[in-house]
Amino acid sequence: MKLYAMPGTIAVASAIALKEAGINFDLQIVDFTKGEQTGGAYSKVNAKGRVPALETPDGILTETGAILEYIAAVIPQASLTPDSMFETAKMREVMNYLASTMHVAHAHKLRGSRWATQQNSFDDMRSKVPETMGDCCTYLESHATFAPYVMGQNYSLADPWLYAICCWLEGDDVDVTKFPKIQAFMAAMNERPAVQAVKDLGLIP
Ligand SMILES: N[C@@H](CCC(=O)N[C@@H](CS)C(=O)NCC(=O)O)C(=O)O
């Protein structure tokens, strides 16, 4: 398989999950500083101009949620989803929140042009990011299990996704010391060989 990624992005989640599942993959950096995500050869990989994208034996997958679920399904012995249907749905509840709310809140810092055209609109959106990302942390701190993982003692697909997003918190001016469970979660994640392997690849700045 081949993972298309840029360091420090949500593609980190897919890289960690691939490592957790023991899947060997080639890494193709899509260099945002050169605008490689839009136009050019990459538009044939992901016409949305985003990372991650995963080239699989069956074709190309985009969207973190789809990629993570695919990894869990092809290597079931990695146990990346909970045993019960309800717990699996609860895991997806968190994953959907990360995709639709927390990642979007973060994108208001640098990607305001997706939603507006005026500089003062961009400035306004950007200035609210510490508050909106902090609100997301407050919600997760009190509603996720964090023992130490999102779903409790068992690691799941929600973990690499939340980890990738929480790597942005400091840069988003969120005071992480207010969220001891999230801090403990990040510490537990940093202990995992899969996270170390992704750091060794240079994907986690
Ligand atoms: N819904 C997508 C979002 C992917 C996404 O927005 N990726 C960002 C990096 S974190 C990106 O590629 N941005 C490039 C750009 O906006 O030009 C997913 O979860 O995979």
Side-chain angles (χ1 to χ4, degrees), residues 1-21 23 25 27-56 59-74 80-81 91-117 119 121-122 125-126 129-130 132-133 136-137 140 150 156-174 186 189 195 198-199 201-205:
M1 297 202 205
K2 186 193 277 187
L3 179 68
Y4 294 83
M6 169 75 184
T9 66
I10 203 61
V12 163
S14 296
I16 294 172
L18 284 164
K19 290 287 182 189
E20 290 285 355
I23 297 175
F25 62 98
L27 178 63
Q28 176 77 50
I29 297 295
V30 180
D31 191 346
F32 286 9
T33 66
K34 296 183 182 151
E36 285 178 359
Q37 76 272 34
T38 45
Y42 189 66
S43 60
K44 290 197 175 63
V45 177
N46 184 0
K48 289 173 279 191
R50 309 274 183 95
V51 294
L54 184 67
E55 206 172 286
T56 80
I60 290 170
L61 273 176
T62 64
E63 298 297 330
T64 300
I67 292 170
L68 296 183
E69 296 270 5
Y70 173 80
I71 293 166
V74 291
L80 295 173
T81 55
M91 174 194 75
R92 291 183 180 136
E93 181 180 277
V94 175
M95 290 164 72
N96 279 292
Y97 179 73
L98 298 180
S100 64
T101 303
M102 200 167 182
H103 190 159
V104 177
H106 166 80
H108 280 65
K109 184 167 84 173
L110 293 178
R111 304 295 186 198
S113 60
R114 290 180 193 162
W115 299 283
T117 51
Q119 187 59 47
S121 303
F122 303 152
M125 278 188 260
R126 191 185 176 111
V129 169
T132 52
M133 288 297 276
C136 291
C137 289
L140 289 168
V150 172
S156 78
L157 295 178
D159 295 308
W161 203 339
L162 181 62
Y163 177 86
I165 289 182
C166 286
C167 287
W168 301 334
L169 292 176
E170 218 178 296
D172 286 349
D173 288 327
V174 174
M186 292 300 279
M189 288 294 289
V195 171
V198 174
K199 286 185 181 180
L201 287 174
L203 283 180
I204 303 170

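First listed ligand is number 1; within each ligand, the first listed atom is number 1.
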Please tabulate, one line per pair, the protein nitrogen or oxygen atoms found under 3.5 angstrom from a nitrogen or oxygen of ligand 1, with distances to 0.1 Å, or say none if there are no such pairs.
unit_1   : atom_1 : unit_2 : atom_2 : d
ligand 1 : 1 (N)  : Glu63  : OE1    : 2.6
ligand 1 : 6 (O)  : Arg50  : NH1    : 3.0
ligand 1 : 7 (N)  : Val51  : O      : 2.9
ligand 1 : 12 (O) : Val51  : N      : 2.8
ligand 1 : 16 (O) : Arg111 : NE     : 3.2
ligand 1 : 16 (O) : Arg114 : NH2    : 2.7
ligand 1 : 17 (O) : Gln37  : NE2    : 2.9
ligand 1 : 19 (O) : Thr64  : OG1    : 3.1
ligand 1 : 20 (O) : Thr64  : N      : 2.9
ligand 1 : 20 (O) : Thr64  : OG1    : 2.8

Check: Is any side-chain heavy atom of Val74 less than 4.5 Å from a side-chain heavy atom of Ile23?
Finding: yes
Note to self: Less than 4.5 Å apart, side chain to side chain, heavy atoms only: is that true for Trp161 and Ile165?
What the structure shows: yes
Next item on the list: Give a yes-or-no answer on whether the side chains of Glu55 and Tyr4 include a donor-acceptor pair shorter than 3.5 Å.
Entry: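 There is such a pair between these side chains.
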Note to self: Under the rule for side chain to side chain contact (heavy atoms under 4.5 Å, CB included), what residues qualify as partners of Ala116, not counting sequence neighbours?
What the structure shows: Ser121, Phe122, Met125
List, one per line, each side-chain donor-acceptor pair under 3.5 Å for residues 9-20, sequence neighbours excluded.
unit_1 : atom_1 : unit_2 : atom_2 : d
Thr9   : OG1    : Met6   : O      : 2.7
Thr9   : OG1    : Ala11  : N      : 3.2
Glu20  : OE1    : Arg192 : NH2    : 3.1
Glu20  : OE2    : Tyr155 : OH     : 3.3
Glu20  : OE2    : Arg192 : NE     : 2.7

Checklist line | Pair listing, side-chain hydrogen bond (donor to acceptor under 3.5 Å, both in side chains) test, anchored in residues 60-70, at least two apart | finding: Lys48-Thr62, Lys48-Glu63, Glu69-Arg92
